[in-house]
Amino acid sequence: MSLYQELKRRNVLRVGAAYVVFSWLVVQVAETLFPVYGLSDAAIRLVVAVLAVGFLPVLIFAWVFELTPEGLKKERDIDRSSSITPHTARRLDRVIMVVLGLALTIFAFDKFVLTPQREAARSAQQAAALEQVRSEAQSEARAEAESSVPDLGERSIAVLAFEDLSPEGDQEYLGDGLAEELLNLLAAIPELKVISRTSAFAYKGKDVNLMQVGEDLGVRHVLEGSVRKAGNVVRITAQLIDTRTDTHLWSKTYDRALDDLFAVQDDIAGTVVEQLKLTLLGDVPTTRKADPEAYALFLRARALRDRDNPEDLAQAEELLRRALAMDPAFARAWVALASTTDQQMRNGVGDLEEGLALQDTYLTRALELAPDLAEAYAGLGWLEWVWHNDLQAAASHYARAVSLDPSEADTAGLFLYTLGRVEESLPYFERAARADPVSATAHSNLGAALLNTGQTGRAIDELDTAIMLSPTRYQTHFLKGLALMLEGKPAEALAVFNEEPDETFRAHGQAIAHYDLGQMADYQEAFDRLVEREKDAYSSEIALVCAWIRDADCAFYWMEKEWAREGSSGWAHFPSNPHLERIADDPRWLPFLRKVGIAPEQLAAIRFEVAGPDEAPGAP
């Protein structure tokens with residue numbers, strides 16, 4: 001008799017099948033009940049592991065023993081003529097069918113009844129927690145803002161996205177564009193505090209109470225409206241609301257052709273200034289004019305660009321080229337084309353050298369047409385900083401951008417942070433978080449700066465806010481974990497690192513936490529994953545892990561490899577990185593920094609002269 005036939009005769013195969021089905025039933029029950037009692041996924045994984053370990057012993061048991069009317073007996077002691085294995089096989093078949101039915105029933109009940117209920121409860125819980133954190137953050141932000149800039153409490157405004165009321169519902173880009181243009185116009189007024197786009201547009205598409213919006217964002221006034229397009233005519237409705245009394249200060253409806261949008265924007269901005277009774281140091285800012293059709297294409301392209309995926313970026317590029325064919329003097333379209341090219345490069349589309357040359361050409365052309373266009377200078381600053389690693393050139397461009405447009409002031413914080421001047425960057429980051437109170441990025445940036453100045457408690461508070469606002473934002477969990485590591489809490493840090501969405505930062509954090517916990521096998525596994533992922537890309541992340549464990553040879557190997565990589569931008573976070581303090585006494589450290597161009601004396605020599613945040617025009 002063959003082995004297969006013998007396995008069938010002894011019912012080993014049926015026992016194996018029954019065990020698998022029974023195990024699946026147990027796992028379904030565990031996945032359904034464990035969350036109810038607060039048990040984590042680790043408990044479910046333990047159940048699966050125990051069941052897997054038990055599979056082979058069960059098969060061996062089925063081979064050695066046979067169930068008889070007198071009980072279990074060793075198979076070798078049973079006369080085959082009196083064996084009841086066929087009867088046992090039929091019973092096993094029935095057991096398998098029953099257990100399989102139970103498992104399928106539990107699976108279906110969990111999937112179609114319990115899971116939707118859990119998801120709804122989790123969403124409600126997250127929404128309530130987010131609302132609480134947001135309310136607390138706004139209260140704190142308002143208190144800080146009022147103490148530092150007491151004059152602006154009454155002269156503060158948020159511009160919400162204008163609602164699209166067009167019959168086809170295809171003018172969202174126009175409503176967003178109009179609101180953003182108005183926001184930019186008003187932000188240029190030094191006497192007015194204007195909430196940033198991210199926070200103002202967070203209410204888009206929601207049925208909101210404007211008094212609550214004012215409380216959330218810490219503003220006295222809200223400008224809202226709608227657009228409705230029919231043919232070449234656009235009906236624009238705008239209204240200015242006092243959020244403390246929920247009363248209309250002003251409202252107006254405009255029925256204008258598309259080529260009259262600029263006049264509408266200027267009129268609304270002027271009316272806001274009048275209604276808020278602002279005493280301006282100069283004239284009310286006015287919109288930069290462009291060909292109306294080109295402007296409409298520009299707004300559509302910008303909306304597509306913000307989606308940041310290859311298909312939409314390609315379509316955005318096409319629309320911008322059409323706009324520039326209609327109006328070659330449209331400076332902002334040249335900047336938008338440069339930004340779109342940059343995003344395509346970062347998505348791996350196009351040749352690197354060609355893309356960098358095109359960006360430089362587009363931005364230079366924009367400044368030839370509009371020498372005072374701050375966003376063009378900011379684009380050149382990004383180009384020099386991230387792609388060319390020329391910090392002095394980047395500093396000059398960014399300083400010029402900030403001096404021309406106060407809304408670029410958060411750039412000052414980012415760049416000072418890059419130069420290792422973290423203490424100087426803090427006021428800018430703090431003001432950015434107040435101007436954009438529901439922006440996860442603003443709170444994450446502030447948390448990173450606080451972390452690098454040793455204020456780990458405050459850093460964790462800001463990073464918790466960022467995580468609540470955007471649980472899937474990359475690097476925020478990593479930064480919180482790093483703050484906990486600096487507080488000497490590697491076990492707590494590891495739990496946070498495990499939640500990091502980005503694979504590179506997750507492996508980085510897990511490696512240093514396991515190392516500090518003495519879990520060397522786990523450390524090596526995480527480190528190997530990081531090396532495999534980044535050995536040909538951002539090897540500076542590998543170097544930072546090596547620096548954390550004070551392996552200077554390893555750190556310098558990967559730092560040199562990063563330096564040799566064409567187009568490297570891995571040095572931006574080096575001057576202020578706490579990992580690197582652990583190898584700063586190595587004799588190779590300062591020579592390497594000088595070679596890269598980020599030695600302390602080299603960074604200190606970079607001039608970045610802009611007004612401080614308290615004196616910066618229009619600083620919120």
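Keep in mind the model is a prediction, meaning the values are calculated, not measured.
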Let me confirm one number: the [atom1]-[atom2] distance from [X] to [Y], rounded to the nearest 0.5 Å.
| X | Y | atom1 | atom2 | value |
| --- | --- | --- | --- | --- |
| L304 | Q315 | CG | CD | 4.5 Å |
| E181 | D266 | CD | CG | 10.0 Å |
| R431 | D436 | CZ | CG | 15.0 Å |
| Y515 | M485 | OH | CE | 11.0 Å |
| L367 | L373 | CG | CG | 6.5 Å |
| L391 | Q602 | CG | CD | 9.5 Å |

Salt-bridge criterion met for [X] and [Y] (N-O under 4.0 Å):
| X | Y | result |
| --- | --- | --- |
| R322 | E293 | no |
| R302 | D306 | no |
| R529 | E532 | no |
| E317 | R321 | yes |
| K480 | E499 | no |
| D553 | R588 | yes |
| E534 | K561 | no |

Using a 4.5 Å cut-off on heavy atoms from C-beta on, say whether the side chain of [Y] contacts that of [X].
| X | Y | result |
| --- | --- | --- |
| W387 | D342 | yes |
| T465 | D461 | no |
| F298 | M326 | no |
| S470 | T476 | no |
| L223 | I268 | yes |
| S444 | L463 | yes |
| V545 | L530 | yes |
| L580 | W589 | yes |

Counting distance only, does the side-chain N/O of [X] pair as donor-acceptor with the main-chain N or O of [Y] below 3.5 Å?
| X | Y | result |
| --- | --- | --- |
| R582 | W548 | yes |
| Q510 | N498 | no |
| S539 | K535 | no |
| T364 | D360 | yes |
| S199 | V438 | yes |
| S339 | V335 | no |
| R594 | A599 | no |
| E500 | F478 | yes |
| W334 | P328 | yes |
| S425 | V422 | yes |

inquiry  = I'd like to know if the side chain of T504 pairs up with that of R533 as donor and acceptor (distance under 3.5 Å, no hydrogens or angles considered).
reply    = yes
request  = Report yes or no: do N452 and Y417 form a side-chain donor-acceptor pair below 3.5 Å?
outcome  = yes
inquiry  = Applying side-chain contact (heavy atoms from CB on, under 4.5 Å) to F505 and F497, what does each step give before you reach the verdict?
reply    = CA-CA 8 Å; F505 287 114; F497 287 140; over 6 Å; no
Which atom of [X] lies closest to which atom of [Y], heavy atoms considered:
| X | Y | result |
| --- | --- | --- |
| L469 | P437 | CD1-O, 4.1 Å |
| A331 | L369 | CB-CB, 4.0 Å |
| G177 | L299 | CA-CD2, 3.7 Å |
| A442 | A433 | CB-CA, 3.9 Å |
| A543 | M559 | CB-CG, 3.4 Å |
| A483 | I460 | CB-CG1, 3.7 Å |

ask   = Are there more than 12 heavy atoms of other residues, nucleotides or ligands under 6.0 Å from atom CD of Q455?
value = yes
message = Does Y474, at its OH atom, have more than 12 non-hydrogen atoms belonging to other residues, nucleotides or ligands within less than 6.0 Å?
response = no
query = Does the pair R473 and I467 meet the rule for a side-chain contact (heavy atoms from CB on, under 4.5 Å), with working shown?
reply = CA-CA 7 Å; R473 186 184 185 277; I467 289 169; over 6 Å; no
request  = Test side-chain contact (heavy atoms from CB on, under 4.5 Å) on E562 and V596 and set out the steps.
outcome  = CA-CA 10 Å; E562 172 77 1; V596 176; over 6 Å; no
request  = Could you walk me through whether Y377 and Y398 pass the ring-ring contact (aromatic ring centres under 6.0 Å, His included) test, one step at a time?
outcome  = CA-CA 6 Å; Y377 284 105; Y398 277 136; over 10 Å; no
ask   = Are F330 and D291 close enough, and set up right, to give a side-chain contact (heavy atoms from CB on, under 4.5 Å), and what steps lead you there?
value = CA-CA 8 Å; F330 192 176; D291 178 88; over 6 Å; no
